[in-house]
Amino acid sequence: GAVVSQHPSWVICKSGTSVKIECRSLDFQATTMFWYRQFPKQSLMLMATSNEGSKATYEQGVEKDKFLINHASLTLSTLTVTSAHPEDSSFYICSARTYTEAFFGQGTRLTVV
Amino acid sequence: QKEVEQNSGPLSVPEGAIASLNCTYSDRGSQSFFWYRQYSGKSPELIMFIYSNGDKEDGRFTAQLNKASQYVSLLIRDSQPSDSATYLCAVWTGYQKVTFGTGTKLQVIP
């Protein structure tokens, strides 16, 4: 099946710094990728939809200036958490879809100290 | 009303028993339904998807869909301790929007 690779799998950063998370579709082209956030014991919450070659679409309540998304190619989308704060600590997961299935990256555990 | 609802559990079943996980959804326009398994600290992994009313079987897993009643279920036969995880129901509408339930935690007791 299709594979989505996400990197890094975990990262610890200092408050105020920025962190970039990469999501790659390895064996198919993804014009659209999705970024989710999952807090402990909660479900996945969609943050934004990343569209190749155009601006991302953010869900209500998600700060677009804080969570920068770049989808520069058909196989790569990046999420940059800018000026990270401890409350941004969470599990971030990317997803790419074909017409019939959704595939997830391995997830990134972000801890802001 | 939440768009996709699941009982958070935990659902405890003895090893070898059948585990039954249920999910209801609110959008009648929903087209595709997915079950994911998520181990603690890991990303979700797809177990099954179903589009049509009725049952779909894959090994020990059976997905059941009833669009009229707006529910989808997952049966796990011969439950194993390794099946202990959180099971997420996901509903896909025609707008490329996938909504996840909060998940049901399953505990299979040896």
Side-chain angles (χ1 to χ4, degrees), chain A residues 1-11 21-25 30-52 54 56-60 71 79 89-111, chain B residues 1-11 21-27 30-52 56 58 63 65 72 84-107:
Chain A
V3 177
V4 175
S5 177
Q6 188 174 341
H7 176 81
S9 57
W10 61 271
V11 59
I21 304 170
E22 292 188 350
C23 180
R24 295 179 184 273
S25 56
T31 55
T32 303
M33 292 186 179
F34 303 84
W35 288 95
Y36 294 86
R37 180 169 52 186
Q38 187 178 36
F39 291 107
K41 298 185 179 181
Q42 295 186 24
S43 191
L44 285 75
M45 296 301 296
L46 180 65
M47 298 176 64
T49 302
S50 172
N51 304 298
E52 188 267 336
S54 64
T57 304
Y58 291 82
E59 295 298 302
Q60 190 174 9
H71 195 150
L79 168 68
S89 298
S90 186
F91 192 47
Y92 292 85
I93 307 172
C94 71
S95 174
R97 297 175 195 160
T98 63
Y99 284 107
T100 57
E101 294 187 47
F103 303 94
F104 290 92
Q106 302 94 321
T108 298
R109 174 73 61 190
L110 171 64
T111 302
Chain B
Q1 181 188 6
K2 293 181 180 178
E3 293 184 59
V4 179
E5 292 202 52
Q6 294 181 258
N7 188 320
S8 61
L11 172 66
L21 305 163
N22 299 313
C23 171
T24 59
Y25 59 94
S26 60
D27 187 345
S30 301
Q31 300 178 350
S32 308
F33 308 85
F34 299 80
W35 282 100
Y36 290 88
R37 176 173 60 197
Q38 186 176 26
Y39 294 109
S40 181
K42 301 294 184 181
S43 198
E45 54 181 333
L46 180 66
I47 298 176
M48 290 189 70
F49 58 87
I50 186 168
Y51 306 130
S52 304
K56 179 181 179 182
D58 184 1
L65 175 61
V72 57
S84 298
T86 296
Y87 289 80
L88 299 171
C89 171
V91 177
W92 191 341
T93 67
Y95 306 97
Q96 277 214 335
K97 177 182 176 182
V98 178
T99 303
F100 289 86
T102 52
T104 298
K105 186 174 183 178
L106 173 66
Q107 295 177 339

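For clarity, every value in this text was computed on a predicted model and none was experimentally measured. Each chain gets a letter, A, B and so on, in the order the sequences are listed, and its residues count up from 1. Hydrogens, waters and symmetry mates play no part in the numbers below; they use all other heavy atoms, side chains included.
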Original post:
When rounded to the nearest 0.5 angstrom, what distance separates OG in B:S43 from OH in A:Y92?
Top reply: 14.5 Å
Subject >> Which atoms of A:Q38 approach chain B - backbone, side chain, both or neither, heavy atom under 4.5 Å >> reply: side chain
**OP:** Against chain B, label A:L46 side chain, backbone, both or neither, depending on which of its atoms sit under 4.5 Å from a heavy atom there.
**Re:** neither
Original post:
Of the non-hydrogen atoms in B:Q38 and A:F91, which two are nearest, and what is the gap between them?
Top reply: NE2-CE2, 4.2 Å
Original post:
Of the non-hydrogen atoms in B:G41 and A:R109, which two are nearest, and what is the gap between them?
Top reply: CA-NH2, 3.8 Å
Original post:
Do A:S43 side-chain atoms and B:G103 backbone N/O form a donor-acceptor pair below 3.5 Å?
Top reply: no
Original post:
Does atom CE of A:M45 have more than 12 heavy-atom neighbours from other groups under 6.0 Å away?
Top reply: no
Subject >> B:K56 atom NZ: more than 12 heavy-atom contacts under 6.0 Å >> reply: yes
**OP:** Please confirm whether A:F104 and B:F100 have ring centers closer than 6.0 angstrom.
**Re:** yes
